[in-house]
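Since the structure comes first, as structure tokens, the remarks are kept for the end.
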Amino acid sequence: MIDENEVFEKYISKIKFTLFSPEMIRKMSAVKLFVPDTYNDDGYPIEGGFADLRMGVIDPGLRCKTCGGTVRTCPGHFGSIELIRPVIHPEFAPMIYMFLRSTCQTCGRVLLTGEEINEIKGSLMTRDEMISTVITRTKKVKNCPHCQAEQKEIKLERPTSFYEDERLMLPTEVRDRLAKISDDDLRELGFDPEYSRPEWAVLTVLPVPPVNVRPSITLESGERSEDNLTHKLVEVLRINQRLESNINAGAPQLIIEDLWELLQYHVTTYFNNESPNIPPATHRSGMTLKTLAQRLKGKEGRFRYNLSGKRVNFSARTVVSPDGCISINEVGVPKQIANELTIPIKVTDWNIEECKKMILSNESANNVTAVYVTSPNGRRRKITDTNKEELANELAAGWTVERQLKDGDVVLFNRYPSLHRMSIMAHKVKILSGKTFRVPPSVTPPYNADFDGDEMNIHVPQKEEARAEAETLMLVEKQIISPQHGHAIIGPTEDHITGTYLLSLDETVFTKEEAMDLLALAGIYELPKPDVKDKYSGKAIISQLLPKNLNLRIESKIGKKGSSKSIVEIKDGKMISGYFEKKSIHSVIEAITLYNGNEAARKFIDGIGRIAGEVITRKGMTVSMKDYTLSENGKKKVKELVENAEKQVNVYIMQYKNKTLEREPGKSLKETLESKSVKTLGDIRNDMSKLLEEDLGQENKAIVIAKIGARGSIINVTQMSGAIAQQVVREKRLHRGYRYRPLSHFKQKDLSAVARGFIKSNFLEGLNPIEYFFQSMSARESIVNTAIRTARSGYMQRRMMNALQDLVVKEDYTVRDGSGRIVQVIYGGDGKDTMKIKKINEELTAPVGLPERE
Amino acid sequence: MAKVRKRKISNFENAPIVHYLIPKHEILSEEEEKKILEKYNVTKEQLPRIKIDDPAIRHMNPKKGDIIKIYREDKHAKSIYYRVVV
């Protein structure tokens, strides 16, 4: 019996895969089975049957007759069946075939001379190559070079029948033939005869797996249902015994051979019930049996289903939806999920009263309830209404109580694919009604989550160490700065950016009531002095959120360059000038993180998020068709722009045809034409975006949201209001499809803009069918590319992770591997931590980094 | 089977390569070696390696076990790297 407390500390130095020898199988065997049955009428295991107690136990209360263990402690022991006639192991048939063909049928030597073998050995080949050469060379040999015996043709009919010149070979013959091969010859064929002799692939004794490999189930009716493997083994033994009695009775050879073949069939299907050319063995109901190979193979097999695809406890998964009111450190967890997930709490003298309360409370009362208690002797009991009083009385220090999740518990929150370290972060639980996880919109970017049906997982750390580690290392606020580039990746997104922008506008002014409303949302209950007569500017509200020691000057894209509007200036925590857009908000977040720490930055993000959400709901920011409709003059200008480009391309085409086009260095004339056309047509986009910005005006909402980084880009606007412009496939203007033209609507060799995928229309007015087709061509390419790119970069990343996984930055900033070998003398070549370096503004702050080192 | 022909030793064998992508390489003296090994608390086996016939150091006629000091420099930082000749 295995003692659970005994610790084995041994390292595996090597593993060798070999064949089982018959002696080995017999030695391993705890029982020789001789009864083709399992339990007797009383439901007790029959001795010598397939549930024999010497092979281990599966019924509670019984003890194993080999090791004395119980269901939980007995590892199970093999039994065996002595096959009265040998049978070929179906999975080794190809190997046997190889041996039969590469050795002499009379003397058993390899069908090559010593010189031939030495020649192969002398050549510069790997071991595997040598072995395969030996095998291929022996195939051609007609007469044995050692005894000159003529070699007959041997055929294998899958799965297990061998023919020698059309005559069926019995397994005994095959076995004798294999046994004749000498040890030295086996080595030439790549075998280690000490561990694996080929004749062992012809079974004379069949190992029977322990009962816990093939447990029987008791049905509700009290009937026992045996495992598929047991069924199969019973049949093997039954046929084996029939064969034995027939042989002993001196039955005719024909009958014996028939039974022998039947035995072979059962053994074959026992190993693999999907062998080719063999009808699968079935249940009485006609269902095919799942035998050994079926257990391991395929998607639902042991490897892919159970080993590569292990499921985890203490986790939950559901759809995510946004909640702008919770902190970025929090996650909204549905009540149902919180009740299902548990955390074990050690009972101590200090928390025993609390634990008792948890045991006694019931689920309908809205407080945390304990679900299980475990006493120090390891007995785990579920708390029910009937036993809770008793358990609460019994409770003492040293016990463990498993309680439901409550507000403030630390959990890990994850969205697949985990490409980042920020793809799994620690959040604090906030139990909410509803059935979705609530995610603060500001943490959406690191997870790359949106709310169109995304699902996310949570995991509940079970130990104090795990929880502490998660909280100090993985908490959302500690991940605000990305280690990739040292910039903030957590912060306002979309409407929050618009809200912050509106708040920062010079003309934004609030009454006292409004200002109080806004600040109260961020948990600030003190009003500053009114700065615009008796009212409050938006900047004054923002200033309330900023730390008092913050000084910052950032150039922003909004407003004229160099004007006071384009420079966001913060002095001693007071916002003086400038408008907030995505970049400047992020710079502020980075600065706060750097000078006031992660917690301060988190508070700022939480506060600005709540206020911005309220500002945008009050003030609003909408885009409509009107925002994308150009003035008549604007339309004319766009048309002009496109026409000019077209004309220019036509000029190039003329020059190309006249051969007056000047060739660019390193390019053929045609390539020159292409590159010039592409450039002309490509420049349209830039010119058009400038034109549109002018025509729509800086006040236009579509332009505004694009400029402040809340949603969309200028390119989107040009495609909707201006023209979609050039489409490309494989970095070239569209040209494939028909002969010398992309579509049959053009003349052959038409090189003009329109015939090469230039789209004059815009999305607002609509495309003509040809343009629609062109647009679909390049859209298709980009979809295909993203699919390929994700797959390829995923694989690259995987290989890189495997190569780098155990590298560590040591105390002296050297990067070392597991054995202490130096990989980099100084981390990154400069010893700097990306997350900690950031020049905010050279005038106001000094660069921060790790101390200079020699 | 294709045979690998040994490259003829060129006349430039003993000349240092001057190229902006090849940083300065230097063989350490014995005391310097000792200092470096002590500083990083490593044995020579634990240092990164460089082949004895590496074009960047070939002209210095290094011995096996020598430590090469490499003065690396790029846009952002200067650093020093050590390799053991193998």
Side-chain angles (χ1 to χ4, degrees), chain A residues 118-134 136-137 483-487 803-804 806-839 842 846-854, chain B residues 1-7 19-52 54 56-57 60 62-86:
Chain A
N118 284 336
E119 184 197 319
I120 292 167
K121 274 184 176 168
S123 62
L124 291 166
M125 275 192 280
T126 62
R127 210 183 100 95
D128 288 354
E129 281 170 345
M130 275 187 218
I131 292 161
S132 66
T133 347
V134 171
T136 40
R137 297 248 318 243
Q484 262 168 28
H485 44 246
H487 289 292
L804 300 182
D806 51 17
L807 299 190
V808 170
V809 183
K810 296 275 181 186
E811 295 85 334
D812 60 354
Y813 296 120
T814 55
V815 181
R816 303 191 189 210
D817 71 5
S819 64
R821 223 176 274 171
I822 290 181
V823 175
Q824 282 186 346
V825 179
I826 185 156
Y827 170 74
D830 54 13
K832 296 207 163 61
D833 178 352
T834 321
M835 287 174 82
K836 288 171 185 160
I837 33 174
K838 176 75 188 146
K839 272 196 262 181
E842 274 164 275
V848 180
L850 292 172
E852 265 329 299
R853 289 173 54 83
E854 191 266 318
Chain B
M1 192 119 331
K3 271 187 188 167
V4 180
R5 219 189 308 146
K6 219 175 167 190
R7 203 176 57 85
H19 189 274
Y20 77 107
L21 285 178
I22 297 187
K24 187 178 153 200
H25 287 64
E26 187 181 276
I27 299 178
L28 289 190
S29 70
E30 234 161 82
E31 299 98 79
E32 284 172 318
E33 269 184 19
K34 231 180 106 188
K35 244 168 82 187
I36 291 305
L37 295 179
E38 214 163 90
K39 179 176 169 191
Y40 293 108
N41 189 21
V42 286
T43 59
K44 278 188 182 174
E45 288 71 42
Q46 290 175 314
L47 282 177
R49 290 155 196 183
I50 187 166
K51 279 277 211 92
I52 195 160
D54 190 292
I57 58 166
M60 297 188 288
K63 293 189 304 295
K64 270 189 186 175
D66 279 351
I67 295 180
I68 306 287
K69 188 177 187 181
I70 304 163
Y71 295 82
R72 292 180 169 186
E73 199 174 324
D74 64 30
K75 260 197 286 191
H76 313 287
K78 281 182 189 178
S79 67
I80 286 167
Y81 205 75
Y82 300 97
R83 287 178 180 280
V84 167
V85 178
V86 290

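Convention: sequence-line order gives letters A, B, ...; per-chain numbering from 1.
With a threshold of 4.5 angstrom between heavy atoms, B:R83 does not approach chain A through any atom at all.
Atom OH of B:Y81 sits in a crowded spot, with more than 12 heavy atoms from other residues, nucleotides or ligands closer than 6.0 Å.
The two residues A:G829 and B:S79 come nearest to each other via the heavy atoms O-CB, 2.9 Å. Listed here is the closest heavy atom pair of A:I822 and B:L47: CD1-CD2, 3.9 Å.
With sequence neighbours excluded, the residues satisfying side chain to side chain contact (heavy atoms under 4.5 Å, CB included) with A:L807 are A:L804, A:V815, A:D817, A:V823. Applying the side-chain hydrogen bond (donor to acceptor under 3.5 Å, both in side chains) criterion to A:R816, with sequence neighbours excluded, gives A:D812, A:T814.
Distance check: B:Y40 OH to A:I826 CD1 gives 7.0 Å after rounding to the nearest 0.5 Å.
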